[in-house]
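Okay, structure first, notes after.
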Amino acid sequence: MLNAGVGQGGAFVDNDLRDELDIIALNCTSTIHLAKRALADLRSRGTGRLLVTSSIAATMPGSFQAVYNASKSFVQSFALAVRNELKDTGITVTTLMPGPTDTEFFERADMLDTPVGQGDKDDPADVAREGYEALMAGKAKVVAGSLKTKAQAAAAAVLPDSTKAQMHRKMAEPGSADD
Ligand SMILES: NC(=O)c1ccc[n+]([C@@H]2O[C@H](COP(=O)([O-])OP(=O)(O)OC[C@H]3O[C@@H](n4cnc5c(N)ncnc54)[C@H](OP(=O)(O)O)[C@@H]3O)[C@@H](O)[C@H]2O)c1
C-alpha cells in the first residue's frame, strides 16, 4: 500500500516553492520509487496486489491546492496505466480515491481556515475498509467514503474543468470558511 502523502493549501504564487516541491517529492517521486520496487518484487513472485492512495482531488483542478491535486492526477494516471500493463500477470493495481477524510491532512496542509478544512469529513476507518475490499477484489479504483464523496466524484466525471476549478475555489480558498 503506497499511502503517504501531504498537501499544501494556499495560492500557488504565494506558497513557498520548497513546500510545493516537497509535495511532488513525496506524493509523486516516492510513490514511483516504491512502486518500482514493489512491483518488481510482485512480478518475480507472479502474484500480488498494490493499493495506491490517490484522491477524488485527482479528478478536479485544485484551486488553492493546485500542486496537491496535480500530484494526485499524476498518481491516478500512473496507477491505471501500470495496472493495464500488468493485466493477465496475476498482479493488480488499485487506486483508493477518498474525499475529505478525518485525519491530520488538513492541519498539515494549513487548511483549517477553509470550508473543506472545517466541513464534515469521512471516517478514515470506513475509507480504509473500502480501499482494502477493492484491493482484495482487484478493482481498478474505488471512490471511498460517504455518499457525498461518491456524488462529488460522479459529478466530477461530467462537469467542465472550469466549473470544477471554481467549485474547488469555494472549498479551499484560505480564510473563506465563514463565507
Ligand atoms: N484526509 C483526506 O481528506 C484525504 C483525501 C484524499 C486522499 N488523501 C490521501 O491519503 C493519504 C494519507 O493521508 P492522511 O489523510 O492519512 O493524512 P495524514 O494523517 O497527514 O497522514 C499522512 C501520512 O503520510 C506520511 N508522511 C508524511 N510526510 C512523509 C514523508 N516525508 N515521508 C514519509 N511519510 C510521510 C505520514 O507519516 P507520519 O505521520 O509518520 O509523518 C502519514 O502516515 C495521502 O496520500 C493523502 O493525500 C487524504
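Predicted, not measured: the structure shown is a model, and the values here were computed from it. These values consider heavy atoms only, across backbone and side chains, with no hydrogens, waters or symmetry-generated copies. Order of appearance sets the numbers: ligands from 1, and atoms from 1 within every ligand.
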What protein heavy atom sits nearest [atom], and how far away is it?
| atom | value |
| --- | --- |
| atom 22 (C) of ligand 1 | Gly5 O, 3.6 Å |
| atom 7 (C) of ligand 1 | Ser54 O, 3.3 Å |
| atom 33 (C) of ligand 1 | Leu26 CD1, 3.9 Å |
| atom 15 (O) of ligand 1 | Thr103 OG1, 2.6 Å |
| atom 25 (C) of ligand 1 | Ala4 CB, 3.8 Å |

Would you say the side-chain atoms of [X] pair up with the backbone N or O of [Y], donor to acceptor, closer than 3.5 Å?
| X | Y | result |
| --- | --- | --- |
| Lys141 | Lys139 | no |
| Ser176 | Ala172 | no |
| Lys164 | Met60 | no |

Could you work out, for [atom], the closest of [options] by heavy-atom distance?
| atom | options | result |
| --- | --- | --- |
| atom 4 (C) of ligand 1 | Ser30, Ser55, Gly99 | Gly99 |
| atom 10 (O) of ligand 1 | Asp102, Thr101, Thr53 | Thr53 |
| atom 36 (C) of ligand 1 | Met1, Arg108, Lys121 | Arg108 |

So, is [X] polar-close to ligand 1, with some N/O to N/O distance under 3.5 Å?
| X | result |
| --- | --- |
| Glu104 | yes |
| Asn3 | yes |
| Tyr68 | yes |

**Item:** Side chain, backbone, both or neither: the part of Pro124 lying under 4.0 Å from ligand 1 by heavy atom
**Value:**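 Looking at Pro124 and ligand 1, no heavy atom falls under 4.0 Å.
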**Prompt:** For ligand 1, which part of Met97 has a heavy atom less than 4.0 Å away: the side chain, the backbone, both, or neither?
**Reply:**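 It is neither; nothing of Met97 touches ligand 1.
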**Prompt:** Ala57: heavy atom below 4.0 Å from ligand 1, yes or no?
**Reply:**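 Judged by the 4.0 Å heavy-atom criterion, Ala57 does not count as contacting ligand 1.
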**Message:** Is any side-chain heavy atom of Gln166 closer than 4.5 Å to one of Lys170?
**Reply:**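 Yes, side chains in contact.
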**Request:** State, with a plain yes or no, whether a side-chain heavy atom of Asn27 is found less than 4.5 Å away from one of Phe74.
**Result:**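 No, side chains not in contact.
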**Item:** Nearest atoms (heavy-atom pairs only) where Asp122 meets Ser146
**Value:**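 Shortest heavy-atom separation between Asp122 and Ser146 comes out as OD1-OG, 2.8 Å.
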**Request:** Taking all heavy atoms of Pro100 and all of Val116, pick out the closest pair and write down the distance.
**Result:**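 Taking Pro100 first and Val116 second, the nearest heavy atoms are CG-CG2, 3.7 Å.
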**Message:** Any protein heavy-atom neighbour for atom 40 (O) of ligand 1 (distance below 4.0 angstrom)?
**Reply:**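 No, no protein heavy atom sits under 4.0 Å from atom 40 (O) of ligand 1.
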Atoms of ligand 1 close to [X] [distance to a heavy atom under 4.0 angstrom, numbered from 1]:
| X | result |
| --- | --- |
| Pro100 | 3 (O) |
| Val6 | 27 (C), 28 (N) |
| Phe106 | 3 (O) |

**Message:** List the residues meeting salt bridge (charged side-chain N to carboxylate O under 4.0 Å, His left out) with Glu20, not counting sequence neighbours, and say none if there are none.
**Reply:**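 Glu20 satisfies salt bridge (charged side-chain N to carboxylate O under 4.0 Å, His left out) with no other residue.
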**Prompt:** Which hydrophobic side chains are connected to Leu159, either touching it within the sub-4.5 Å cutoff or through other members that do?
**Reply:**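 Met167, listed by chain and number.
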**Request:** Starting from the C-alpha separation in whole Å, work towards a yes-or-no answer on salt bridge (Lys or Arg N to Asp or Glu O under 4.0 Å) for Asp41 and Arg37.
**Result:** CA-CA 6 Å; Asp41 220 35; Arg37 287 167 178 258; over 6 Å; no
**Prompt:** Can you tell which of Thr149, Thr59, Val52, Thr53 makes a side chain to side chain contact (heavy atoms under 4.5 Å, CB included) with Met97?
**Reply:**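 When Thr149, Thr59, Val52, Thr53 are each tested with Met97, the side chain to side chain contact (heavy atoms under 4.5 Å, CB included) holds only for Thr59.
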